[in-house]
Amino acid sequence: RSAAYMTRYVAKNVGAAGLAQRATVSVAYAIGIAEPVSVYIDFHGTALTSADENATAAAIRKVFNLTPKGIIETLKLRRPIYKATAAYGHFGRSEFAWEQTDKVQELRSALNIKNPAKAVRELATA
């Protein structure tokens with residue numbers, strides 16, 4: 001379940017960074033290996049910059065700690081939040097760490113995108 005929260009966190013930051021209108025993020029793990037064996041992202045044809053899915057997946061690996069320990073620490077999963085998540089769902093509520101968009105600048109930097117609006121214009125004229 002924590003991997004689902006993390007992929008939501010990653011996808012929200014991808015969208016907030018202005019990389020795509022829609023994004024599906026998938027992370028695959030193997031037993032006994034902390035780092036994911038695969039990070040996949042699909043923009044569904046809605047890319048807003050020249051950064052492609054492969055470059056974005058590589059940037060995601062750099063910016064986000066996708067190890068189990070990293071997920072637990074990033075999303076603060078050791079604190080007791082279960083009562084809060086039991087009522088009214090656990091998505092779309094700003095009090096949860098997986099709803100934050102605090103990695104936007106790091107993602108843009110990893111992809112060397114200085115001005116997302118300019119990148120959109122360049123993509124449209126290409």
Side-chain angles (χ1 to χ4, degrees):
R1 180 162 254 191
S2 59
Y5 296 144
M6 191 65 172
T7 55
R8 177 172 175 82
Y9 176 60
V10 170
K12 284 185 67 87
N13 278 277
V14 165
L19 304 180
Q21 290 176 335
R22 289 182 56 213
T24 299
V25 178
S26 177
V27 182
Y29 294 90
I31 295 172
I33 302 173
E35 290 290 331
V37 294
S38 171
V39 175
Y40 172 78
I41 186 161
D42 186 358
F43 291 151
H44 305 283
T46 66
L48 298 174
T49 67
S50 59
D52 66 3
E53 283 105 341
N54 292 330
T56 304
I60 287 168
R61 283 182 177 269
K62 288 180 190 175
V63 172
F64 297 92
N65 185 348
L66 298 173
T67 64
K69 181 180 180 183
I71 292 170
I72 290 167
E73 290 174 356
T74 300
L75 301 180
K76 301 172 183 75
L77 296 177
R78 295 221 187 265
R79 63 173 206 232
I81 58 171
Y82 304 108
K83 188 173 182 180
T85 60
Y88 307 111
H90 50 274
F91 289 125
R93 295 171 53 192
S94 62
E95 68 259 28
F96 300 127
W98 52 85
E99 295 295 329
Q100 305 305 311
T101 55
D102 55 349
K103 299 286 188 179
V104 169
Q105 291 303 328
E106 289 179 65
L107 266 176
R108 287 179 184 160
S109 294
L111 291 166
N112 202 21
I113 297 172
K114 304 290 187 246
N115 182 347
K118 181 181 175 188
V120 171
R121 285 193 302 275
E122 289 172 359
L123 185 64
T125 60

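What's counted below: heavy atoms across the whole structure, side chains too, no hydrogens, waters or symmetry copies.
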Output every pair passing side-chain hydrogen bond (donor to acceptor under 3.5 Å, both in side chains) with a member in residues 61-74, not counting sequence neighbours, ordered by first then second residue. Asn65-Thr67
Measure across Tyr29 and Leu66 and return the closest heavy-atom pair with its distance rounded to 0.1 Å. OH-O, 2.5 Å
Could you tell me the separation between the OG1 atom of Thr49 and the CG atom of Asn112, rounded to the nearest 0.5 Å? 11.0 Å
Keeping to residues at least two apart or across chains, list the side-chain hydrogen bond (donor to acceptor under 3.5 Å, both in side chains) pairs with something in residues 13-28. Thr24-His44
Tyr40 with Val10, same ILVMFWY side-chain cluster at under 4.5 Å: no
List the atom of Val104, the atom of Thr101, and the distance in Å for their closest heavy-atom pair. CG2-O, 3.5 Å
ring-ring contact (aromatic ring centres under 6.0 Å, His included) pairs, two or more places apart, involving residues 50-74: Tyr9-Phe64
In Å and rounded to the nearest 0.5 Å, what is the CD1 to OG distance from Ile113 to Ser50? 6.0 Å
Is there a chain of hydrophobic side chains (I, L, V, M, F, W, Y, each step under 4.5 Å between heavy atoms) that links Leu19 to Val63? yes
Do Arg108 side-chain atoms and Ala17 backbone N/O form a donor-acceptor pair below 3.5 Å? yes
For Ile41 and Ala23, work out which heavy atoms get closest and say how close. CD1-CB, 4.2 Å
Run the salt bridge (charged side-chain N to carboxylate O under 4.0 Å, His left out) test against Glu106 and tell me which residues pass, sequence neighbours left out. Lys103
Rounded to the nearest 0.5 Å, what's the gap from CZ on Arg8 to CD on Glu99? Could you check? 4.0 Å
Using atom types as modelled, flag every donor-acceptor pair under 3.5 Å from a side chain in residues 53-60 to any protein atom, sequence neighbours excluded.
{"residue": "Glu53", "atom": "OE2", "partner": "Phe43", "partner atom": "N", "Å": "3.0"}
{"residue": "Thr56", "atom": "OG1", "partner": "Asp52", "partner atom": "O", "Å": "2.8"}

